[in-house]
Number of protein chains: 2
Amino acid sequence: MEKAATLWDRSRQAVVAEIVETALVLFAEQGYEATTMAQVAARAGVSQRSLFRYFGTKEDLVCGEQDALGELLVRAVEEQAPEVSTWDALRAGFTTILTASNHTQERVLEISTLIFGNASLRARYFEKRLKWQKALVPVVEKRMGIEHREIPDPAAMGVIATVFACVDTASELWVRHGGKADPFELYERALAAVRG
Amino acid sequence: MEKAATLWDRSRQAVVAEIVETALVLFAEQGYEATTMAQVAARAGVSQRSLFRYFGTKEDLVCGEQDALGELLVRAVEEQAPEVSTWDALRAGFTTILTASNHTQERVLEISTLIFGNASLRARYFEKRLKWQKALVPVVEKRMGIEHREIPDPAAMGVIATVFACVDTASELWVRHGGKADPFELYERALAAVRG
DNA sequence: AGACAGGTTGGCAGCGACTGTCAATCTGGC
DNA sequence: GCCAGATTGACAGTCGCTGCCAACCTGTCT
């Protein structure tokens with residue numbers, strides 16, 4: 001069963017990757033909004049119904065991998081040594097998911113540009129971001145020595161939200177510079193302005 | 001023409017307010033998602049087509065006034081004395097729009113709870129927030145003594161994004177406390193944790 | 001008063017994202 | 001080869017939203 005499951009998983013993963021690829025081509029050709037799910041299904045050679053079974057929403061065609069990245073982020077922050085400051089731990093987490101991404105920089109830029117350029121994709125990304133932030137709260141609280149309650153502490157939440165804010169700032173500027181800027185430096189400059 | 005226009009505006013505004021009221025009642029009864037625009041139109045006594053003319057989207061039934069608040073925010077920050085720090089100027093802006101809102105605290109809480117509890121409303125709010133942030137960039141750059149370029153400076157953007165992050169943190173916690181907490185104190189605690 | 005022009009409304013048909021359902025098909029294990 | 005379970009595809013339907021057109025209401029000019 002083990003081997004069968006993974007084999008099946010691999011073939012499914014290949015199908016998913018191929019669908020994503022055709023979708024991205026179509027989005028690049030005609031734009032995200034102007035491309036219908038029917039078109040994607042037709043060109044990918046699956047029925048519309050199956051397409052919606054693979055990707056629950058149109059946005060998932062672009063943002064589908066973010067769940068995995070979120071878990072990775074939380075784990076990376078968790079595994080930072082206790083003497084590392086909260087800020088450094090969070091930055092390390094983001095460094096991890098950036099380097100762990102198995103895409104070329106061009107692909108990341110393409111997808112980021114797509115996301116930043118479309119309202120519903122931005123919304124989708126934002127929702128995922130919120131989940132990541134929520135998952136980080138206990139980790140950061142522990143690191144800051146704050147006891148966990150049902151309603152979190154504003155300090156922990158504020159720090160997390162701020163780091164995400166600076167990451168978003170850096171990402172947006174990186175996209176607007178067409179990838180021709182160092183995202184880490186942008187992040188550092190944003191955070192430096194905040195922390196004085 | 002002056003008087004006629006305002007008279008007409010007033011009647012239209014009354015219609016809008018009444019529609020919003022019936023919509024909020026329906027949302028409270030059955031939830032946001034489960035309420036269809038057809039239901040709102042029927043109970044408000046207008047055609048579905050006209051409902052969509054008053055409110056371009058379902059989300060606008062809840063988030064409709066945010067455009068005006070955004071302009072108010074930008075103006076308030078702009079009008080702060082130059083010797084006021086950027087952080088204080090931004091906080092003053094948010095204080096302004098909070099006190100300028102012509103709703104009772106209960107109504108603000110009701111709407112905020114609705115928004116924080118639904119993904120598409122959150123998305124809508126987030127989009128508006130992005131517009132506010134964008135509009136604030138030149139104002140804050142000027143205040144920080146940064147020359148304005150086509151692609152903004154990460155320092156200004158980071159500061160703005162951080163203030164919004166802390167405002168969001170405070171808002172969310174305020175909602176989760178059922179309004180039984182001081183939102184300003186929550187904001188101060190979040191920002192204090194960030195700025196050390 | 002009556003015709004005329006402007007904007008407002010309602011109904012209808014349609015699009016696109018998304019879902020439930022059910023039959024057809026494919027798969028792995030006996 | 002056959003059966004059970006999973007996967008797929010086709011179809012119809014819901015809901016948010018838009019374009020279009022005819023009806024209507026309002027104020028104006030003659």
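In the text below, chain A, chain B and the rest are named by the order of the sequence lines, each starting its count at 1.
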Is it true that [X] and [Y] have a side-chain N and a carboxylate O under 4.0 angstrom from each other?
| X | Y | value |
| --- | --- | --- |
| A:Glu185 | A:Arg189 | yes |
| A:Lys58 | A:Glu33 | no |
| A:Arg176 | A:Glu172 | yes |
| B:Glu188 | B:Arg91 | yes |

Near B:Gln13 CD, under 6.0 Å, is it more than 12 heavy atoms from other residues, nucleotides or ligands?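 Counting neighbours around CD of B:Gln13, 12 or fewer heavy atoms of other residues, nucleotides or ligands fall under 6.0 Å, so no.
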
In terms of heavy-atom contacts, does NZ of A:Lys134 have more than 12 from other residues, nucleotides or ligands at under 6.0 Å?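 No, not enclosed.
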
[X] [atom1] - [N] [atom2] separation (whole Å):
| X | N | atom1 | atom2 | answer |
| --- | --- | --- | --- | --- |
| A:Arg49 | C:dT25 | CZ | C1' | 17 Å |
| B:Arg12 | D:dT26 | CZ | P | 16 Å |
| B:Arg53 | D:dC24 | CZ | C1' | 12 Å |
| A:Leu51 | C:dT19 | CG | P | 12 Å |

Where along residues 111-130 of chain A does a heavy atom come under 4.0 Å from DNA chain D, residue by residue in number order?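 Nothing qualifies; none.
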
Find every protein N or O atom lying less than 3.5 Å from an N or O atom of nucleotides 15-17 of chain D, and list the pairs.
from	atom 1	to	atom 2	distance (Å)
D:dG16	OP1	B:Thr35	O	3.4
D:dG16	OP1	B:Lys58	NZ	3.0
D:dG16	OP2	B:Met37	N	3.1
D:dC17	OP2	B:Lys58	N	2.6

Quick check on C:dG11: is either OP1 or OP2 less than 4.0 Å from any side-chain nitrogen or oxygen of B:Ser47?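 Indeed not, no polar side-chain atom of B:Ser47 lies that close.
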
Within less than 4.0 Å of OP1 or OP2 of C:dT9, is there a side-chain N or O belonging to B:Tyr54?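 B:Tyr54 to C:dT9 OP1/OP2: side-chain N or O found under 4.0 Å.
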
If we only count heavy atoms from C-beta on, is the A:Trp87 to A:Val159 side-chain gap below 4.5 Å?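 The answer is yes; the side chains approach within 4.5 Å.
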
Assess the pair A:Phe94 and A:Phe164: is the distance between their ring centroids shorter than 6.0 Å?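 Here the rings of A:Phe164 and A:Phe94 have centres that are less than 6.0 Å from each other.
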
